[in-house]
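Report on one structure; see the data block that follows.
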2 protein chains.
Amino acid sequence: MNTYTEENYLKAIFKYSNKTKEGVSTNVIADELDTKASSVTDMIKKLSDKKLVIYKKYKGVTLTNEGRSIAVSVIRKHRLWEVFLVEKLDFKWDEVHDIAEQLEHIHSEELVKRLDTFLDNPKYDPHGDPIPDEYGNLQHHKDITLSDLAIGKKGVIVGVKEHSTSYLKYLESINLVLGAEIKVNNIVDFDHSMSISIGKNTVNISNQASKNLIVKKL
Amino acid sequence: MNTYTEENYLKAIFKYSNKTKEGVSTNVIADELDTKASSVTDMIKKLSDKKLVIYKKYKGVTLTNEGRSIAVSVIRKHRLWEVFLVEKLDFKWDEVHDIAEQLEHIHSEELVKRLDTFLDNPKYDPHGDPIPDEYGNLQHHKDITLSDLAIGKKGVIVGVKEHSTSYLKYLESINLVLGAEIKVNNIVDFDHSMSISIGKNTVNISNQASKNLIVKKL
DNA sequence: AACTATTTTTAGACTTGCCTAAAAATTAAA
DNA sequence: TTTAATTTTTAGGCAAGTCTAAAAATAGTT
Ligand SMILES: [Mn+2]
Ligand SMILES: [Mn+2]
Ligand SMILES: [Mn+2]
Ligand SMILES: [Mn+2]
């Protein structure tokens, strides 16, 4: 059984393993977990002793199969709980992350299995992030963002890459929620801000906002 | 915010505060939490510094209003989660305690409030234990046990005083579940074992079993 | 290639929660 | 009421996880 802290380290390493081919650097982990590089080095040694990561001094860290498996199972729990909070307890999508950060560390295989069933085996969480299956398989998004769409193109919102409350609340206020169909009317060359149609409304959004919205082309 | 460990100490102290008028002794707490008396002394000092308990050397410990309030809120969460696990996820009543021991430490007022609503504001948990309301009011059982009933008397099962899996599974196997109506047919003078009717069935149960069943007289 | 800036690791220390062993206080027994 | 048994506290130490400051390694730049 792993501690709360160990699980958070594995999750952080997993998050950046997918983004770079090399080992995840000490500083990146420290940044993600809001801690110090020296603390990360300490913990990495411990995880290495437990054969959950492979570690070579100064060369960053990679997950072993077992480490990866734990990380994915924590992510699975996080996302399932988020679905529960939104679907069953009527939380808003910007309110659930912090609670799920706690719930993801509850240890009980049976609980996860039953929760999954209770929620009708959801494939995506409230932010459009894919939920790993019970065997640890995880689909990845295509990662086309709204900022990639050309003028005149249509798409549907399938996810967000940024989870801050302010961003999510903003999106909701302009009806840019999961499933919304949009069309790009215009793009300003200078700052890449966009004019888009959402249903019968038209809004202007910054590049900062559009590049964090994952879309599926229509 | 209090740690997982602090909450468990407060809960343990609360449990025995109701049973004795004086302060709860170090050894009783150590026993309840499966730890050593010296560890208890350490933690009591810390809780005393935080004004959650009143502590006089060698005189045991009592909860302050704030300490009691935290203990009751943890118990409230424990029992609400047990209801959730049984009512929504179809766990058996002997399977939920350990998971609730973890879930009771999730910190979120809003979560508890919504969970309570989602469960239709239950008044009792799956073991018949009363659920404190959101203001910390806690009803107590009358504490009449099956072993208190005289020959010929009828009663209904409203709770259990012992929560071990083996006891709960045994009760279930003979249909001695919450709500079951029973009648005392006979009591053996020698060992106080009982013959009782449950519906159309008749069973013999030991005094050890009958004294842990809370009943309401009919 | 040598110097500089950045990243990473080490060294040493702190807090929390726990332990064992021994001392002190309380309670029970003679 | 002295002695013995029990309970409780103190003293000292350990593991986990964290921190700061300093040393070592790597990467970047003339
Ligand atoms: Mn989240
Ligand atoms: Mn999410
Ligand atoms: Mn319980
Ligand atoms: Mn219960």
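Note that these values count all heavy atoms, side chains included, but never hydrogens, waters or copies made by symmetry. Naming convention: chains lettered A, B, ... in sequence-line order (proteins, then strands); numbering from 1 in each chain.
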Could you go through nucleotides 12-15 of chain C and list every protein N or O atom that sits under 3.5 Å from one of its N or O atoms, giving the distance for each pair?
none

| Is the ring centre of B:Tyr4 less than 6.0 Å from the ring centre of B:Tyr9? |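 Between B:Tyr4 and B:Tyr9, the centre distance exceeds or equals 6.0 Å.
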
Nearest-Å distance for atom pair [atom1]/[atom2], residues [X] and [N]:
{"X": "B:Ile29", "N": "D:dT7", "atom1": "CD1", "atom2": "P", "answer": "14 Å"}
{"X": "A:Met43", "N": "D:dA15", "atom1": "CE", "atom2": "C1'", "answer": "12 Å"}
{"X": "B:Leu47", "N": "C:dT16", "atom1": "CG", "atom2": "P", "answer": "12 Å"}
{"X": "A:Asp49", "N": "D:dA16", "atom1": "CG", "atom2": "P", "answer": "10 Å"}
{"X": "A:Lys45", "N": "C:dT10", "atom1": "NZ", "atom2": "C1'", "answer": "7 Å"}
{"X": "B:Ile44", "N": "C:dC18", "atom1": "CD1", "atom2": "C1'", "answer": "15 Å"}

**Message:** Quick check on B:Gln208: does its CD atom have over 12 non-hydrogen neighbours (other residues, nucleotides or ligands) under 6.0 Å away?
**Reply:**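 Counting neighbours around CD of B:Gln208, 12 or fewer heavy atoms of other residues, nucleotides or ligands fall under 6.0 Å, so no.
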
Looking at B:Asn18, I'd like to know if its CG atom is crowded, meaning that more than 12 non-hydrogen atoms belonging to other residues, nucleotides or ligands lie closer than 6.0 Å.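 Above 12, so yes.
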
Next item on the list: Using a strict cut-off of less than 4.0 Å between a Lys/Arg side-chain nitrogen and an Asp/Glu carboxylate oxygen, indicate whether A:Glu104 and A:Lys11 qualify as a salt bridge.
Entry: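 Result for this pair is yes, salt bridge flagged.
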
* **Basic-acidic side-chain contact under 4.0 Å: A:Lys211, A:Glu162** =>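 Answer for the salt bridge query: no.
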
Would you say B:Tyr9 places a side-chain N or O within less than 4.0 Å of OP1 or OP2 belonging to C:dT16?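 So the side chain of B:Tyr9 is outside the cut-off, no N or O lying under 4.0 Å from OP1 or OP2 of C:dT16.
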
Polar atoms only, N or O, under 3.5 Å: list the protein pairs with nucleotides 4-8 of chain C and their distances.
from, atom 1, to, atom 2, distance (Å)
C:dT8, OP2, A:Asn27, N, 3.1
C:dT8, OP2, A:Asn27, ND2, 3.4

* Does A:Gln139 have any side-chain hydrogen bond (donor to acceptor under 3.5 Å, both in side chains) partners at least two apart in sequence or in another chain, and if so, which? ->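 Result, side-chain hydrogen bond (donor to acceptor under 3.5 Å, both in side chains) vs A:Gln139: none returned.
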
- Task: Would you verify whether the NZ or CZ of B:Lys161 falls within 45 degrees of the ring axis of B:Tyr167 while also being under 6.0 Å from that six-membered ring's centre?
- Result: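 B:Lys161 over B:Tyr167 ring: no.
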
(message) Tell me whether the NZ or CZ atom of B:Lys88 lies within the 45° cone about the ring axis of B:Phe84 and under 6.0 Å from its centre.
(response)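 No; the conditions do not both hold, so B:Lys88 does not lie above the ring face of B:Phe84.
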
* To do: Would you give the length of the straight line joining atom CD of A:Glu82 to atom NE2 of A:His127, rounded to the nearest 0.5 angstrom?
  =>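 The distance works out to 4.5 Å.
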
Suppose the criterion is salt bridge (charged side-chain N to carboxylate O under 4.0 Å, His left out): which pairs have a residue in residues 49-59 of chain A, not counting sequence neighbours?
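For residues 49-59 of chain A: A:Glu6-A:Lys50.
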
Polar pairs (N or O, both sides) under 3.5 Å between protein and nucleotides 20-22 of chain D?
from, atom 1, to, atom 2, distance (Å)
D:dT20, OP2, A:Lys36, NZ, 2.8
D:dT20, O4, A:Ser38, OG, 3.0

Handout entry: Partners meeting side-chain contact (heavy atoms from CB on, under 4.5 Å) with A:Asp120 (sequence neighbours left out)
Key =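 Counting only residues at least two positions away or on another chain, A:Asp120 forms no side-chain contact (heavy atoms from CB on, under 4.5 Å).
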
